[in-house]
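Keep in mind that the numbers below use all heavy atoms, side chains included, and drop hydrogens, waters and symmetry copies. The sequence lines fix the lettering, A, B, ..., with proteins before strands; numbering per chain opens at 1.
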Amino acid sequence: MKQKIKDLIIRAAKSAFDKGSLPSNKFSDVELEEPKAEAHGDYSTNIAMVMASTQKMAPRKIAEAILTHLDDPDNILENTRIAGPGFINFFLKGASWLPVLSKVHEEESKFGACDLGRGKKIQVEFVSANPTGPLHVGHGRGAAVGDSLARILSFCGYDVTKEYYVNDSGRQIKTLGLSVFLRYKECWKEDIEFPEECYQGEYIRDIAKQVKEEKGKDLLGKDQEEAILYCARFASSKILGGIKKDLDSFGVKFDNWYSEQTLYDSGKVDSVIDNFKEKRIIYRKDGALWFKTSDFGDEKDRVVKRSNGLTTYFASDIAYHQDKFDRGFDEVVDIWGADHHGYIPRIAASIEASGFDKDRFKVTLIQLVNLLRDGVPVAMSTRSGTFDTLQEVIGEVDKDAARFIFLTRHHESPLDFDLELAKKKTNDNPVYYVQYVHARISSILRKAEKEKGIKDVTRDEKALLMLKEPEDIRLMKNMSRFPEVVVNCARFMEPHRLTFYLMGLASSFHTYYNKHKVLTDDIVLTQGRLYLVLAVQKVIKNGLFLLGVSAPEKM
RNA sequence: GCCCUCGUAGCUCAGUGGAUAGAGCGCUGGAUUCCUAAUCCAGGUGCCGCAAGUUCGAUCCUUGCCGGGGGCACCA
């Protein structure tokens with residue numbers, strides 16, 4: 001529809017030039033927008049104002065010239081108007097919105113899909129929490145955003161791989177092992193000192209008990225290093241299992257779990273360092289190895305190998321990101337907590353140094369989540385009984401509600417997550433507002449079959465002509481925006497746009513529902529409205545799917 | 001100190017180089033003999049943090065300032 005009108009405008013401008021009404025044939029790109037105020041039409045363009053300087057004419061004069069040469073072969077325009085400083089407003093005939101209904105019905109679950117990605121391989125890496133403790137709410141937000149983004153990208157023609165990077169190597173894993181080992185010794189009534197840097201959570205004791213059941217007293221007699229290593233491996237695999245389970249119940253599935261340790265085992269980390277040494281972008285200073293990230297736009301150089309001989313996490317991250325491109329991904333998206341933002345320039349530097357275009361690498365930052373209960377912050381203490389793990393939250397709050405709420409903010413704004421609000425099944429809680437549309441329409445369809453004997457909702461030209469109320473048209477107009485919203489979500493990596501769109505569509509529907517009855521004695525009208533309402537249901541369903549939220553038949 | 005980010009209605013937040021800047025909540029009143037009231041309708045509010053610049057036009061872009069948050073390790 002939009003393109004159609006753009007074409008009309010271009011043709012009009014050309015013909016205005018041919019007939020001598022416009023002095024120049026330099027036309028700028030037509031920008032067509034949907035005005036906020038309905039009084040400003042269905043579409044509006046600022047082209048006359050933009051062209052004012054090249055045409056050397058007053059904007060309103062240009063607008064007049066274009067309008068007098070405007071031809072409307074398909075007869076879709078009700079009216080056109082010049083307004084304000086030189087806007088051209090287009091008012092469409094109600095019937096020109098009807099094609100969107102057939103489109104929705106034909107394309108069904110594909111309505112809104114597109115080929116923006118052209119099959120490009122894209123990797124979305126998200127959550128990637130260290131396997132040293134359970135996921136907390138913040139990870140939940142990352143999971144919701146990442147998973148939704150992956151769904152949207154895939155809907156937009158990308159070949160998407162969802163990956164979780166497991167930091168199963170390095171110091172914190174050793175700390176985890178030590179923590180568990182100490183708690184294990186405690187189980188055997190040994191006196192221990194539990195250092196502050198060890199993991200304080202209650203879950204460490206649980207894991208220690210499991211070690212005890214599995215190994216009995218064996219570890220007490222063993223070499224301490226070996227025992228700690230055993231505990232570390234045992235604990236991280238247990239915790240990772242828990243993380244997988246939590247994500248599963250949150251509706252998030254990864255295609256790939258990538259282990260950091262394998263980067264060391266395969267020698268990838270060493271070979272990257274050697275390679276950079278050959279390129280003379282790694283040098284030695286004070287006994288450590290430094291990567292000259294400042295040559296690639298970072299503010300200062302970074303250490304990849306410490307003077308004690310141990311590599312830093314940065315070293316494995318360089319190898320990891322190089323590996324992503326080596327695996328053939330055209331684009332790589334990382335979703336990180338906002339506290340990592342200072343890390344972006346050095347990773348970008350490493351990608352460039354590895355010989356890849358750093359524009360193929362994008363980072364989306366997720367801001368903090370503040371967990372509240374009735375407006376009061378929930379204490380995030382390290383003691384037991386805290387309420388900040390993802391598991392506890394989705395134990396109390398519906399998974400759909402949690403996912404939806406995580407997507408009601410721009411991901412770079414901090415988010416307040418109120419547990420009591422999330423549980424409320426009212427208007428305060430936008431999830432149900434949207435899901436309710438789906439359930440209500442299901443209910444209408446059930447009733448249509450039961451009471452009117454209507455089994456199939458079919459397209460009927462006569463019935464379509466009955467859809468001429470302003471509310472009918474508003475719904476169709478709203479649905480026709482869906483594909484564009486999805487594309488913009490993908491383009492800007494902002495799934496929350498979809499959330500807001502769905503709330504708007506839901507609002508239009510609820511208004512409609514209260515004003516007009518779908519099932520009437522007039523069978524033709526009923527057919528038309530069923531056709532309309534079923535289309536709304538399909539769009540809502542597609543939208544909810546892209547958010548990872550279910551579309552219930554009943555509520 | 002340097003870097004990033006945010007500052008929009010009483011609250012929580014969307015939004016855009018355009019016309020009269022929006023939504024939900026909260027508050028008040030109303031709607032159901034009829035498809036689910038988890039719904040709808042009506043009622044009002046803004047120096048869009050401040051100042052300058054770019055522009056036909058800035059809340060949006062640029063710069064500076066003020067205020068909140070975050071980041072600046074041979075930590076992860």
Report summary line: By side-chain hydrogen bond (donor to acceptor under 3.5 Å, both in side chains), A:Ser169 pairs with (sequence neighbours left out) A:Gln261
**Report entry** Among B:rA14, B:rU36, B:rC40, the one nearest A:His496 by side-chain distance
**Finding:** B:rA14
Requested in this report: Pick base, sugar-phosphate or nothing for A:His516, based on heavy-atom distances below 4.0 Å to the nucleic acid.
Outcome: base
**Report entry** side-chain contact (heavy atoms from CB on, under 4.5 Å) partner of A:Met466, chosen from A:Asp460, A:Thr526, A:Asp522
**Finding:** A:Asp522
Query raised in the report: Once Watson-Crick and G-U wobble pairs under 3.5 Å are found, how is RNA chain B written in dot-bracket notation, 5' to 3', with | for any base paired to another strand?
Result: (((((((..((((....[...)))).(((((.......))))).....(((((..]....))))))))))))....
Requested in this report: Determine the contact category for A:Phe500: base if any of its heavy atoms lies under 4.0 Å from a base atom, sugar-phosphate if only primed atoms, P, OP1 or OP2 are that close, otherwise nothing.
Outcome: sugar-phosphate
Query - Aromatic ring proximity, centroids under 6.0 angstrom, A:Phe87 and A:His40 - result: no
Query raised in the report: If you measure from CD1 on A:Ile281 to NZ on A:Lys292, what distance do you get to the nearest 0.5 Å?
Result: 8.5 Å
Report summary line: With sugar-phosphate taken as primed atoms, P, OP1 and OP2 and all else as base, the protein-contact string of nucleotides 4-9 of chain B at under 4.0 Å (heavy atoms; B, S, -) is B-----
Requested in this report: Write down the distance separating the C1' atoms in B:rC25 and B:rU20, rounded off to the nearest Å.
Outcome: 24 Å
Query raised in the report: Can the ring centres of A:Tyr283 and A:Phe291 be said to be less than 6.0 Å apart?
Result: no
Query raised in the report: Does a side-chain N or O from A:Arg440 land closer than 4.0 Å to OP1 or OP2 of B:rA38, or not?
Result: no
Requested in this report: Could you measure between the two C1' atoms, the one in B:rA23 and the one in B:rA14, and give it in whole Å?
Outcome: 7 Å
Query raised in the report: For the ring pair A:His411 and A:Phe406, is the centre-to-centre distance below 6.0 Å?
Result: no
**Report entry** Any donor-acceptor N or O pair under 3.5 Å, side chains A:Ser413, A:Gln367
**Finding:** no
Query raised in the report: When all nucleic acid strands are considered with a 4.0 Å heavy-atom cut-off, which category describes A:Arg497: base, sugar-phosphate, or nothing?
Result: sugar-phosphate
Query raised in the report: Is there a donor-acceptor contact under 3.5 Å from the side chain of A:Asn79 to the main chain of A:Phe91?
Result: no
Requested in this report: Establish, yes or no, whether the cationic atom of A:Arg440 lies under 6.0 Å from the six-membered ring centre of A:Tyr513 and within 45° of the ring axis.
Outcome: yes
**Report entry** Pairwise salt bridge (Lys or Arg N to Asp or Glu O under 4.0 Å) hits with a residue in residues 167-177 of chain A, at least two apart
**Finding:** none
Query raised in the report: Relative to each other, are the rings of A:His516 and A:Tyr512 parallel, tilted or perpendicular (30° and 60° limits)?
Result: tilted
Query - Rounded C1' spacing from B:rC50 to B:rC6 in Å - result: 16 Å
**Report entry** Donor + acceptor pair across side chains of A:Thr389, A:Tyr203 (<3.5 Å)
**Finding:** no
Query raised in the report: Considering only the C1' atoms, how many Å lie between B:rG49 and B:rU32, rounded to the nearest integer?
Result: 47 Å
Requested in this report: Return the 5'-most residue of the pair A:Tyr436, A:His40 with respect to RNA chain B, ranking by each residue's nearest nucleotide.
Outcome: A:His40
Could I get a table of every N or O pair under 3.5 Å where one atom is in the protein and the other is in nucleotides 32-34 of chain B?
unit_1, atom_1, unit_2, atom_2, d
B:rC34, O2', A:Lys517, NZ, 2.4

Requested in this report: In whole angstrom, give me the gap between the P atoms of B:rA76 and B:rC60.
Outcome: 42 Å
Pick out the pairs of N or O atoms, protein on one side and nucleotides 74-76 of chain B on the other, that lie under 3.5 Å.
unit_1, atom_1, unit_2, atom_2, d
B:rC74, O2, A:Ser307, N, 2.7
B:rC74, O2, A:Ser307, OG, 3.0
B:rC74, N3, A:Ser307, OG, 3.3
B:rC74, N4, A:Asp286, O, 2.7
B:rC75, OP2, A:Arg306, NE, 2.7
B:rC75, OP2, A:Arg306, NH1, 2.5
B:rA76, OP1, A:Arg306, NH2, 3.4
B:rA76, O3', A:Gln172, NE2, 2.6
B:rA76, O3', A:Tyr313, OH, 2.7
B:rA76, O2', A:Asn130, ND2, 3.4
B:rA76, O2', A:Gln172, OE1, 2.8
B:rA76, O2', A:Gln172, NE2, 3.3

**Report entry** SB check A:Glu471 A:Arg474 (cutoff 4.0 Å)
**Finding:** no
Query - Nearest-Å distance once atom C1' is located in both B:rG24 and B:rU8 - result: 15 Å
Query raised in the report: So does A:Lys468 pair up with A:Asp472, basic N to acidic O under 4.0 Å?
Result: no
